[in-house]
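The figures here come from the full heavy-atom set of this structure, side chains too, leaving out hydrogens, waters and symmetry mates. One-based numbering, in listed order, for ligands and for the atoms of each. Counting from 1, the numbers follow the sequence of the chain as shown.
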Amino acid sequence: MGGVMLAFLSCLLAGAMVVQGEDPYLFFTWNITYGTISPLGVPQQGILINGQFPGPNINSTTNNNIVINVFNNLDEPFLLSWSGIQHRKNSWQDGVLGTNCPIPPGKNYTYHFQVKDQIGSYYYYPTTSCAQGIRPDGVLINGKSGKGKGKDEPLFTMKPGKTYRYRICNVGIKTSLNFRIQGHAMKLVEMEGSHTVQNVYNSLDVHVGQCYSVLVTANQAPKDYYMVASSRFTKSILTTTAIIRYANSKGAPASSVLPEAPVGWAWSLNQFRSFRWNLTASAARPNPQGSYHYGSINITRTIKIVNSVSRVDGKLRYAINGVSHTDSATPLKLAEYYGVADKVFKYDTIEDEPPTKGADKITLQPNVLNATFRNFVEIIFENHQKSIQSWHLDGYSFFPVAKNDVHQLIYLIDVASNSIEPGRWSPERRKNYNLLDAVSRHTIQVYPKSWAAIFLTFDNAGMWNLRSELFERQYLGQQLYISVLSPARSLRDEYNMPDNAELCGIVKDLPKPPPYSI
Ligand SMILES: *[C@@H]1O[C@H](CO)[C@@H](O)[C@H](O)[C@H]1NC(C)=O
Ligand SMILES: *[C@@H]1O[C@H](CO)[C@@H](O)[C@H](O)[C@H]1NC(C)=O
Ligand SMILES: *[C@@H]1O[C@H](CO)[C@@H](O)[C@H](O)[C@H]1NC(C)=O
Ligand SMILES: *[C@@H]1O[C@H](CO)[C@@H](O)[C@H](O)[C@H]1NC(C)=O
Ligand SMILES: *[C@@H]1O[C@H](CO)[C@@H](O)[C@H](O)[C@H]1NC(C)=O
Ligand SMILES: *[C@@H]1O[C@H](CO)[C@@H](O)[C@H](O)[C@H]1NC(C)=O
C-alpha cells in the first residue's frame with residue numbers, strides 16, 4: 001500500500017485513511033509550530049505538525065473514533081478542518097470558522113470524531129493562517145518538488161509483479177492537475193469515499209480538493225519510472241516529477257521522456273463522464289438506503305447557485321447569488337445553539353434562484369441557507385466565468401447527476417462565435433441525468449461556461465460549509481453555510497455542543513443552553 005498526495009501549496013497538509021472493522025479509539029497529540037520548509041527550493045516559513053511537513057498521516061479503519069489534541073504554538077489563532085469526513089450529527093468538529101472558534105495561541109483543543117461508515121482518502125488543512133502561505137508557483141508531490149534528471153531519491157519502491165494502491169489527492173489551492181506514471185496504467189478503484197467501476201486510465205485529471213485511489217501493477221522492465229503531475233488549463237504548464245523504483249532495478253534510471261499531458265477541456269469532460277459508481281462493491285457507505293435509490297426520490301427543492309466576481313469598495317470579492325460571505329466573530333453554529341442567531345446572521349440571505357438583475361452587485365454578510373432536515377434537494381452550480389470551479393460540501397456526500405455532455409458543445413460554439421449564450425441549466429436538462437450510478441462524492445468541478453447538478457438528502461443535522469475549493473475565491477467570499485436543524489433538538493439527530501468547545505464572540509459569557517434530549 002502506498003500513499004500519494006499531490007500538493008500545490010505548502011500550507012495544505014495531507015492525511016490518508018480507512019479500511020474495515022470495529023470501533024477502537026485512535027489518540028493523537030499534535031504540536032503546531034512554525035518552521036522553515038523549502039518545498040520549492042527556496043526556504044520559507046511553513047506550519048509544521050510535530051515538526052513535520054506535510055503533517056502526519058492518520059491511518060484508520062472504518063468507524064474508528066479519532067481523538068486529536070491540537071496544541072496551538074503559533075502566535076495566531078489556528079483551526080483544522082477535515083475535508084470529506086462526514087462528522088455525522090457533529091458539525092461541532094468540522095473546524096471551519098462558521099462552526100468553531102479558532103484555538104487561541106498557546107491553547108489546545110481536542111477534536112473527537114468517528115469516521116462512521118467511511119472508506120477512502122481524505123485530507124486536513126488549516127482554515128486559519130493560510131493566507132500568508134500562498135505561493136502558487138510550483139507543483140509538489142508529497143510536499144516535494146522533483147529535481148528531475150534522475151537525481152531524486154525514490155518516493156516509492158515497488159516489488160516486481162506486485163500491485164500497489166496509490167492515493168492521489170489534489171490538496172492545492174487553485175489549479176487542476178493531471179497525474180500519470182511513465183509506462184504504467186492506473187486502475188481506478190475509489191473516489192472520495194466511493195468504490196468506482198474499475199476503469200483503466202493512462203492519466204487522471206484531479207481537480208482541487210478531489211481524491212482518487214488507483215491500483216498500479218509493477219509489470220514493466222526493472223528500472224525507475226517518473227510519476228508526473230502537471231497543471232491543467234493554465235497558460236504555462238507547471239510540471240513536477242517523483243521517482244518510483246523497482247526493487248530489482250539495480251540503479252537503471254528512468255527514461256527522460258515524460259508521458260505527455262492531455263490537452264483541452266473536452267478530454268477532461270470525457271474522463272469525468274466515464275466515472276461510475278460500483279454498485280456491486282461491498283463496502284461501508286454512508287446512508288446506504290438513500291444512496292442506492294437516489295434516482296427514484298422526488299426533489300423537494302432546487303437551489304441554483306451562480307458564482308460571480310466584483311469589486312466592493314475597490315476590493316476584489318467573490319460571491320454566490322450576489323452575496324459574498326464574511327465570517328462573523330461568533331461562529332454561526334454557536335449563535336444558533338445559544339439562541340442568538342438573530343444577533344449574528346440572517347437565514348436565507350440568498351434566494352434559491354440567483355438575481356436576474358444587477359448580477360454584478362455584491363453584498364457582504366454571513367451567507368446562510370436553511371434547509372429542512374431530511375429533505376431531498378437538487379443543487380445546480382452554474383459557472384458563467386471562463387475558469388474552472390471546484391465546489392465542496394462538508395458533512396455530506398452527494399450525487400453529481402449531470403452527464404455534462406450538451407453544455408461543453410455549447411461552450412465550444414460559444415468560443416467560436418463569441419455568442420453570449422453560454423451553457424445554462426434548465427429543467428429539461430433533467431431528462432439527461434444519470435439516475436443510476438453517479439459516484440457519490442463530496443467535491444465537483446464545474447467547467448467554464450458550464451453547469452453541474454447534484455442530488456443529496458439533508459439528513460445530517462448541523463451547520464455545513466459549501467465552498468469553492470479554490471482558496472482565493474473561498475477566502476474572498478465564495479462560500480456559504482447550510483443550516484440543517486433537527487426541530488426535535490434530539491440526540492438521535494445531533495450531538496450536543498462538546499464540553500471542551502472553545503467559546504468566543506457574543507456567546508462567550510452566555511449561560512449554556514439546556515442540552516438536547518434523548
Ligand atoms: C511544541 O513545540 C514547541 C517548539 O518545539 C515546544 O516548545 C513545546 O514544548 C511543544 N509542546 C508540546 C505540547 O509538545
Ligand atoms: C494502515 O494500517 C493497516 C493495518 O494496520 C496496515 O495494513 C497498512 O499497511 C497501513 N497503511 C499505511 C499506509 O500505513
Ligand atoms: C488540552 O490538553 C489537556 C491535556 O494536556 C487535556 O486534558 C485538555 O482536555 C485539553 N483541552 C481541550 C480544550 O481539549
Ligand atoms: C466493483 O468492485 C469489485 C470489488 O469490490 C470488483 O471486483 C468489480 O470488478 C467492480 N466492478 C466493476 C464493474 O468494475
Ligand atoms: C413522486 O412524485 C410523483 C408525481 O408527483 C408521485 O406520483 C410519486 O408518488 C412520488 N414518489 C414518491 C416516492 O414520493
Ligand atoms: C429558517 O430558519 C428560521 C429561523 O429558525 C425559520 O424561521 C424559517 O422558517 C426557516 N426556513 C426554512 C426554509 O426552514
Compute whether any side-chain donor of one residue and acceptor of the other, for N73 and N31, lie under 3.5 angstrom apart. yes

Any luck finding a side-chain donor-acceptor pair between Y34 and E76 under 3.5 Å? yes

Taking the six-membered ring for Trp, is the centroid-to-centroid distance between W464 and F458 below 6.0 Å? no

Can you check whether H442 and F398 have ring centres sitting under 6.0 Å from each other? no

Determine whether any protein heavy atom is located less than 4.0 Å from atom 7 (O) of ligand 1. no

Nearest protein heavy-atom contact for [atom]: which residue, which atom, what distance?
atom: atom 10 (C) of ligand 1; answer: N31 ND2, 2.4 Å
atom: atom 14 (O) of ligand 4; answer: Q198 N, 2.8 Å
atom: atom 4 (C) of ligand 1; answer: T33 CG2, 4.0 Å
atom: atom 1 (C) of ligand 4; answer: N278 ND2, 1.4 Å
atom: atom 5 (O) of ligand 4; answer: A281 CB, 3.5 Å
atom: atom 13 (C) of ligand 4; answer: V197 CG1, 3.9 Å

Using atom types as modelled and distance alone, determine if a side-chain donor or acceptor of Q210 lies under 3.5 Å from a backbone N or O of H207. yes

Any nitrogen or oxygen of N298, main chain or side chain, under 3.5 Å from a nitrogen or oxygen of ligand 5? yes

Hey, is K512 close enough to D499 for a salt bridge, meaning N to O under 4.0 Å? yes

Output yes when the distance from some N or O of ligand 4 to some N or O of T280 is under 3.5 Å, and no in every other case. no

Heavy-atom count check: over 12 atoms from other residues, nucleotides or ligands less than 6.0 Å from E260 CD? no

